[in-house]
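To start, the structure under review is shown below, and the notes come after it.
Just so you know, these numbers use all the heavy atoms, side chains as well, and skip hydrogens, waters and symmetry mates. In the text below, chain A, chain B and the rest are named by the order of the sequence lines, each starting its count at 1.
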Amino acid sequence: MPELPEVETIKRGLAPFIKGKKILEVEMLRPKLIKGMSPSIFAKKVKGDTILGIERRAKYLLVPLKSGNTLIFHLGMTGALLKSVHKKPLSKTGEEAQKYIRISGNVILDFSDLRLFGKIWLVPSKKVLEQKEIKKLGVEPFSKAFTLDWFTKELAKRKTKIKLLIMDQAFVVGVGNIYANEVLYRAGIHPARPANKITPKEAKKLHHEIIDVLSDAIKHGGSSVDNYVDAEGGEGTYGKLHKVYDRKGEPCTKCRGVVQKISLGQRGTYFCPKCQK
DNA sequence: AATTTAGCCTGCGCGC
DNA sequence: TGCGCGCAGGCTAAAT
């Protein structure tokens with residue numbers, strides 16, 4: 001599922017391709033997932049506009065348009081934003097049934113979402129940061145604001161389980177279930193540890209691994225779990241490097257332990273009981 | 001106020 | 001073999 005590395009990979013794949021392209025058509029097979037306005041108004045407003053670029057904020061993709069509006073995409077669990085080369089018609093059955101929206105012209109963008117957890121908004125660019133979903137977002141892990149000092153102090157203030165905290169998008173953005181598991185494994189911290197029980201030394205390791213795991217995953221084009229594909233429809237290779245995620249019962253790569261699975265916050269949580277305390 | 005839970009969706013894997 | 005239940009989970013809204 002798309003977490004920061006996957007969304008970043010899509011952004012990088014689309015960036016050189018869509019800038020300056022004009023939107024000539026909007027086709028919608030799943031109009032209900034347009035948020036904040038009726039699908040027909042959405043289509044009317046988007047048609048004829050020109051794409052200025054693409055940015056990422058947390059797991060959201062922001063596509064500013066020349067008119068002063070911005071398209072906001074969230075890929076949910078199984079969303080994909082694909083650039084198409086061939087303009088074959090969308091059909092409501094078969095392989096393309098899941099294609100939700102197509103924005104086409106000098107570029108064809110297919111937003112495909114199997115489980116329909118994805119969302120699309122069109123908002124005035126000036127109001128993007130006021131959009132409630134965007135406004136509540138926490139710190140970007142690759143930004144200067146994500147300092148060790150700040151991170152350590154925040155951990156000391158909270159008693160929630162550390163895995164839930166690093167997945168909290170109001171705290172630090174971009175870390176979803178896969179990377180939370182991997183980050184904690186590398187940091188040697190048990191996912192259920194209360195945040196305020198984590199020592200400054202461990203906090204330093206954790207802070208480092210958040211950045212490091214996400215960076216590594218981006219280098220590998222993300223993890224192709226749950227049908228994730230990049231803008232070209234290609235798979236990411238980081239999934240092969242997962243040390244604990246979806247490895248229940250398999251041997252730990254560092255010790256003789258066996259990867260365990262528990263549930264935290266109703267999410268599958270994988271860890272090595274010997275390496276992670 | 002902080003933290004937890006339910007619900008949104010659909011396909012697949014597991015157990016019987 | 002076939003079927004149905006439960007899981008997968010990002011995020012919001014509702015509940016505690």
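Summarising the hydrophobic clusters (Ile, Leu, Val, Met, Phe, Trp, Tyr; side-chain heavy atoms under 4.5 Å, direct or chained), the residues clustered with Ile72(A) are Tyr60(A), Leu62(A), Trp121(A), Val123(A), Val128(A), Leu129(A), Ile134(A), Leu137(A), Val173(A).
Between the side chain of Asn177(A) and the backbone N or O of Gly268(A), at least one donor-acceptor pair lies under 3.5 Å.
Per the geometry, OH belonging to Tyr60(A) stands 12 Å off P belonging to dG10(C), to the nearest Å. A straight line from CD of Gln131(A) to P of dT12(C) spans 10 Å, rounded to a whole angstrom. Here dT12(C) presents its C1' atom at 6 Å from NZ of Lys119(A), a figure rounded to the nearest Å. Rounded to whole angstrom, the span from the NZ atom of Lys136(A) across to the P atom of dA1(B) amounts to 16 Å. Here the P atom of nucleotide dA2(B) and the CG atom of Leu155(A) are 16 Å apart, to the nearest Å. Atom CZ in Phe73(A) sits about 18 Å away from atom C1' in dG10(C), given to the nearest Å.
Close to dG10(C), at under 4.0 Å from its OP1 or OP2, lies no side-chain N or O of His74(A). Listed pair Lys132(A) / dA13(C) meets the phosphate criterion, a side-chain N or O lying under 4.0 Å from OP1 or OP2.
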Open item on the list: Treating primed atoms plus P, OP1 and OP2 as sugar-phosphate and everything else as base, which nucleotides of nucleotides 6-16 of chain B get B, S or - for protein heavy atoms under 4.0 Å?
Closed with: B-BBBS-----

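At a threshold of 4.0 angstrom between heavy atoms, the contacts of Lys157(A) with the nucleic acid are absent. Using a 4.0 Å heavy-atom criterion, one finds that Gly265(A) contacts no nucleic acid atom at all.
The pair Glu8(A)-Lys11(A) counts as a salt bridge, with a side-chain nitrogen and a carboxylate oxygen less than 4.0 angstrom apart.
Contacts with DNA chain C (heavy atom under 4.0 Å) in residues 165-180 of chain A: Met167(A), Gln169(A), Asn177(A), listed by number.
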Please report, to 0.1 Å, the donor-acceptor pairs under 3.5 Å made by any side chain of residues 210-217 of chain A, with sequence neighbours excluded.
unit_1    : atom_1 : unit_2    : atom_2 : d
Asp212(A) : OD2    : Arg186(A) : NH1    : 3.2
Ser215(A) : OG     : Ile211(A) : O      : 2.6
Asp216(A) : OD2    : Arg186(A) : NH2    : 2.8

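Taking the ring axis of Phe17(A) as reference, the NZ or CZ atom of Lys21(A) stays within 45° of it and closer than 6.0 Å to the ring centre.
Evaluation of the side chain to side chain contact (heavy atoms under 4.5 Å, CB included) rule for Ser263(A) yields no partner, not counting sequence neighbours.
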TODO: Would you sketch DNA chain C in dot-bracket for me? Only Watson-Crick or G-U wobble pairs with both distances under 3.5 Å count, crossing pairs as [ ], other-strand pairs as |, the rest as dots.
DONE: .|||||||||||||||

